[in-house]
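Notes for the one structure printed next.
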Amino acid sequence: MALLHVDFFSDVLGMCMQMDVILPQQTKGQIGMEGKGNEGKIPTLYLLHGMSDDHTIWQRRTSIERYVSDLGIAVVMPTTHLGWYTDMAWGNRYWTFISKELPEICRSFFANLSDRREDTFAAGLSMGGYGAMKLGLSASETFGMAASLSGGLDVATVSGWGKTEEEKRYWQSVFGDLDKVENGSNDLFAEAARLKESGKPLPKLYMWCGTEDFLYEQNVHMRAHLTKLGYELTYEESPGDHQWKYWDEKIQSVLEWIMKNRNN
């Protein structure tokens with residue numbers, strides 16, 4: 001595998017950004033790991049971080065490079081700060097960046113990355129789980145599969161998340177008027193219904209959440225909603241709360257799900 005630390009400029013955000021990229025490499029001499037190359041265009045997983053973290057966190061908390069070494073896929077891990085993968089009400093356009101600009105930049109830097117939606121995946125944890133599901137539901141023309149681990153999926157309830165005035169100001173900076181989040185473009189429940197009615201291609205979806213996680217009820221609610229709408233959803237739950245020992249395990253399940261289902 002090749003691991004690249006990339007500093008680049010985003011025209012959408014108007015500032016320098018960072019991402020780490022894992023690229024497949026055919027290797028035979030590495031101790032304890034054999035890398036698999038890819039002769040054709042390379043499928044790509046965009047792997048998203050949560051609120052407290054950045055583009056380095058998946059490497060610091062998991063063995064993601066080892067997990068993908070024999071899969072022949074690339075992994076793009078960008079930083080998106082605390083923007084919740086939205087075009088913020090009072091801030092930067094992180095949604096436009098992550099859904100449009102970033103794939104274009106990656107494909108211009110690494111010309112062997114596939115541009116097929118069937119080869120383009122998103123996954124993430126917590127806030128990144130929300131971001132990954134949003135990519136699947138709101139940018140399905142680009143992302144054919146999306147996976148959420150412990151996702152904060154019901155942002156229509158965000159008005160109740162702020163316990164202090166400072167916290168409420170933060171959520172307002174992201175979503176605007178908190179009483180109007182429901183049915184808006186950042187409401188995944190509404191986006192799922194709109195996509196289903198649109199006739200556009202639907203993504204394949206995966207969800208996992210621990211049964212002791214504070215976001216568990218949101219995930220159960222989303223599972224019922226997607227199932228009712230008829231989405232192709234793989235849902236799993238197991239004992240666990242909101243921490244990395246579970247995400248390290250379940251990202252391996254996500255990778256298995258991607259490899260099993262991407263060409264079906």
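Remember, it's a predicted structure, so these values are computed and weren't measured experimentally.
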Side-chain H-bond candidate by donor/acceptor type, E237 with N219, under 3.5 Å: no

N-O pairing of E101 and R93 below 4.0 Å: no

Check: S253/W257 side-chain N/O donor and acceptor closer than 3.5 Å: no

For D241 against Q243, the heavy-atom pair lying closest together: OD1-NE2, 2.7 Å

CD/E65: more than 12 non-hydrogen atoms of other groups inside 6.0 Å: yes

Gap between atom CD of Q218 and atom OH of Y130 - 0.5 Å precision: 11.0 Å

Geometric class of the H49/Y85 ring pair [parallel <30°, tilted 30-60°, perpendicular >60°]: tilted

Which atom of P78 lies closest to which atom of L48, heavy atoms considered: CG-CD2, 4.0 Å

Rounded distance [0.5 Å steps], CG in L23 versus CE in M1: 7.5 Å

Side chain proximity check, M222 to D154, heavy atoms < 4.5 angstrom: no

Pair R61 + D248, salt bridge at N-O below 4.0 Å: no

Nearest atoms (heavy-atom pairs only) where F97 meets S10: CD1-OG, 3.6 Å

Derivation of the side chain to side chain contact (heavy atoms under 4.5 Å, CB included) call for Y94 and T86: CA-CA 5 Å; Y94 289 105; T86 70; 5.7 Å; no

Between T79 and Q18: side-chain donor-acceptor atoms closer than 3.5 Å: no

W247 versus S150, side-chain donor and acceptor atoms under 3.5 Å: yes

